[in-house]
2 protein chains.
Amino acid sequence: MSKEEAIIKLVPAFRQYGYEGATLSLLSQASGLGKASLYHYFPGGKSEMAAVVSEYVSDLFEKMVLKTLQGEGTPELKIQAMCSSMAEFYKDGKNACFLAIMSFGEADKLFHDRVKARLQELIQALAQVLTETGIKSEIAHKRSLDAIATVQGALILVRILDSTEPFERALESLPARLLN
Amino acid sequence: MSKEEAIIKLVPAFRQYGYEGATLSLLSQASGLGKASLYHYFPGGKSEMAAVVSEYVSDLFEKMVLKTLQGEGTPELKIQAMCSSMAEFYKDGKNACFLAIMSFGEADKLFHDRVKARLQELIQALAQVLTETGIKSEIAHKRSLDAIATVQGALILVRILDSTEPFERALESLPARLLN
DNA sequence: GACATTTTACCGAACAATCGGTACAGTATA
DNA sequence: TATACTGTACCGATTGTTCGGTAAAATGTC
C-alpha cells in the first residue's frame, strides 16, 4: 500500500471520530495497516498522521472548491460553481469540516496556527472574488467571513439534527448573501 | 461542597477541553474534589457529569437568553434583547456552545438525542417570536435555523481566528436577518 | 441533654483496560 | 545482499472506575 492510499483511508477515521477519538488501534483498523506499519509511514506518530491527513484534505478542498473561484467567468457564476463543488466536497453536509474538527481539544493545541492560516487563506480567496464585482475590499472581507460562518454553522446543525436541510439551505442563500 | 457548586466548577472544564479531553484527573483538579468524591455526586461517572453539566448549562441558557423572548414587548425589542443576552452568555464568542461540544466524537454517541431535542426547542422558541410579527410559520422556521447556524459558525470562527470579531458581527446582523 | 446510630461527604489506593509508542525479528522485494 | 515493509510482543503512562475506609454531620432514642 502506498502512503497516499494510507492517507486516504485515514481521512474518514479522523473525520468521524475526531483527533482524540481516533485511537491508534482504530486508525490501524481503518487503514488496514498494523501499528508498526503506520509508524513506518508516519514516524511522528498520531500527530503526524493527523497533520498529513489535514494537509491532504486541505489540498483537496483547494483543488475541488477554491479552483472554481479562479480563472474566467463572471463572479456570479464562479460563486455558483463554488457552491456546487462545496455540496460535493461536504457530501451535502454529511461530511464534517476538517478544519473545524482540528480546532477542538488537543488537536487545537497541536494545529492551531496551521488551521488558522488555512482558514484565513480561504477567507481571502473568497473575498478576492467579491472585490472583482466592485465590492469594496472591507465589505468583501466581511461577507466572506459571514458566508464561511454560515456554512460552518450549517455543518454543525446537519450533524445534530440528522438532516442535510440546513446545509442545503445555507448553500442556496450563499450567492445572494455574498453578492447582494 | 454542594452538588451545584461541583457542577459549576465542572462547566468550564468540559467547555474548554470537550468531553473526551476532560479527563477524570482534570475534572478532579477543576472541581477540587478527589476522583472518588466525584463518584459520590455522579455515580454514573464521567458521562453523568457531562449530562448533568449540560443540563445545567441548558437551563442557564433558557433563563438568560430564551427568557428574553417571552413576555411583553415588540418582537424587534425582544430579539434585540436576546442578542445582548447571547453576547453575555457566550462571553462575546469566547465561550464555546455546549450543544456543539457535546455533538462531537464519543459525546455525540452518548447525548445525541438530548442535544438534538434541546436544539429543536431553541429553534422553535425563536421561530415562535418571529411568527408574532406576522411572518409565516414556515419562513420563521427557516430564518430561525439560519440564525442559529450563523451564531454556531461564528463561535467556531472566533476560536480558530482568535478574534471575537466574527461573533460580534454575527450578532449585529442577526436582528435584520431575522425580521427583514 | 446524652448517647447511639445512620447518613453524608470525602479520600487514598488500587483496579483492569487502553492509550500512544517502541524494539525487534522476520518477510518480501529488488 | 540490501532495503522496504510488517506482525508480534511489549513498554510506561494514563484512562475511567471501584473498593475500603474515615471524619463529621444529621438523626433517632432515651
Side-chain angles (χ1 to χ4, degrees), chain A residues 1-56 98 101-112 114, chain B residues 1-56 98 101-112 114:
Chain A
M1 182 185 306
S2 73
K3 184 172 177 178
E4 189 177 350
E5 282 180 275
I7 294 172
I8 291 174
K9 292 192 176 183
L10 289 178
V11 172
F14 276 114
R15 214 198 292 267
Q16 182 170 358
Y17 296 97
Y19 180 74
E20 293 168 300
T23 66
L24 278 195
S25 36
L26 197 141
L27 294 171
S28 167
Q29 196 179 339
S31 63
L33 262 50
K35 277 203 280 183
S37 307
L38 281 174
Y39 273 81
H40 173 70
Y41 290 111
F42 311 98
K46 184 176 169 178
S47 64
E48 185 179 338
M49 299 178 208
V52 171
V53 167
S54 295
E55 213 62 26
Y56 176 85
F98 237 84
I101 287 176
M102 292 302 167
S103 73
F104 278 98
E106 204 192 331
D108 179 56
K109 290 172 198 156
L110 293 170
F111 309 122
H112 185 87
R114 205 188 303 240
Chain B
M1 184 187 303
S2 72
K3 184 172 179 179
E4 189 177 350
E5 281 179 276
I7 294 172
I8 291 174
K9 292 190 175 182
L10 290 178
V11 171
F14 276 114
R15 209 191 306 259
Q16 183 171 357
Y17 297 96
Y19 180 73
E20 292 168 300
T23 66
L24 258 291
S25 34
L26 196 142
L27 293 171
S28 164
Q29 197 177 340
S31 64
L33 262 53
K35 282 201 278 182
S37 307
L38 284 173
Y39 277 81
H40 171 69
Y41 290 110
F42 311 99
K46 186 176 169 177
S47 65
E48 185 179 338
M49 298 177 209
V52 171
V53 167
S54 295
E55 212 62 27
Y56 178 84
F98 237 85
I101 287 176
M102 292 303 165
S103 74
F104 279 98
E106 204 193 329
D108 179 57
K109 291 173 199 155
L110 293 170
F111 308 123
H112 186 88
R114 206 188 303 239

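The nucleotide whose nearest atom lies closest to any side-chain atom of Tyr39(B) is, among dG20(C), dT18(D), dT6(D), dT18(D). Here dC10(C) is the nucleotide among dT17(D), dC10(C), dG20(C) with the atom lying nearest to any side-chain atom of Ser37(B).
Remark: P of dA4(D) and CG of Leu38(A) are 18 Å apart, rounded to the nearest angstrom. Rounded to whole Å, the distance from CG on Leu33(A) to P on dT6(D) is 5 Å. Atom-to-atom, NZ of Lys46(A) to P of dT18(C) comes out at 15 Å; the value is rounded to the nearest Å. Distance CD (Glu106(A)) to C1' (dG20(C)): 10 Å, rounded to an integer number of Å. Atom NZ in Lys35(B) sits about 12 Å away from atom P in dT18(D), given to the nearest Å. Distance, Tyr41(A) OH to dG21(C) C1': 19 Å, rounded to whole Å.
Nearest heavy-atom pair, Lys109(B) versus Tyr17(A), reported as atom, atom and distance to 0.1 Å: NZ-CE2, 3.5 Å. The heavy-atom pair separating Ser47(B) from Phe111(B) by the smallest distance is O-CZ, 3.4 Å. For the pair Lys46(B) and Glu20(B), the tightest heavy-atom approach, listed with the atom from each and the gap, is NZ-O, 3.6 Å. Contact record, Ala30(A) with Ala13(A): CB-CB, 3.9 Å, taken as the closest heavy-atom pair. Across all their heavy atoms, Glu48(A) and Phe42(A) have their closest contact at OE1-C, 3.7 Å.
For the ring pair (Phe, Tyr, Trp, His ring centres under 6.0 Å) test, residues two or more places apart in sequence or in another chain that qualify with Phe104(A) are Phe104(B).
Remark: nothing in residues 13-30 of chain A comes within less than 4.0 Å of DNA chain D through any heavy atom.
Residue His40(B) places none of its side-chain N or O atoms closer than 4.0 Å to OP1 or OP2 of dC10(C).
Checking side-chain atoms of Ser31(B) against main-chain N and O of Leu27(B) turns up a donor-acceptor pair under 3.5 Å. Not a single donor-acceptor pair under 3.5 Å links the side chain of Ser28(A) to the backbone N or O of Leu24(A).
Classification of the Phe14(A)-Tyr19(A) ring pair by plane angle, with boundaries at 30° and 60°, yields parallel.
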Reading 5' to 3' through nucleotides 23-30 of chain C, protein heavy-atom contacts under 4.0 Å coded B for base, S for sugar-phosphate only, - for none: B-------
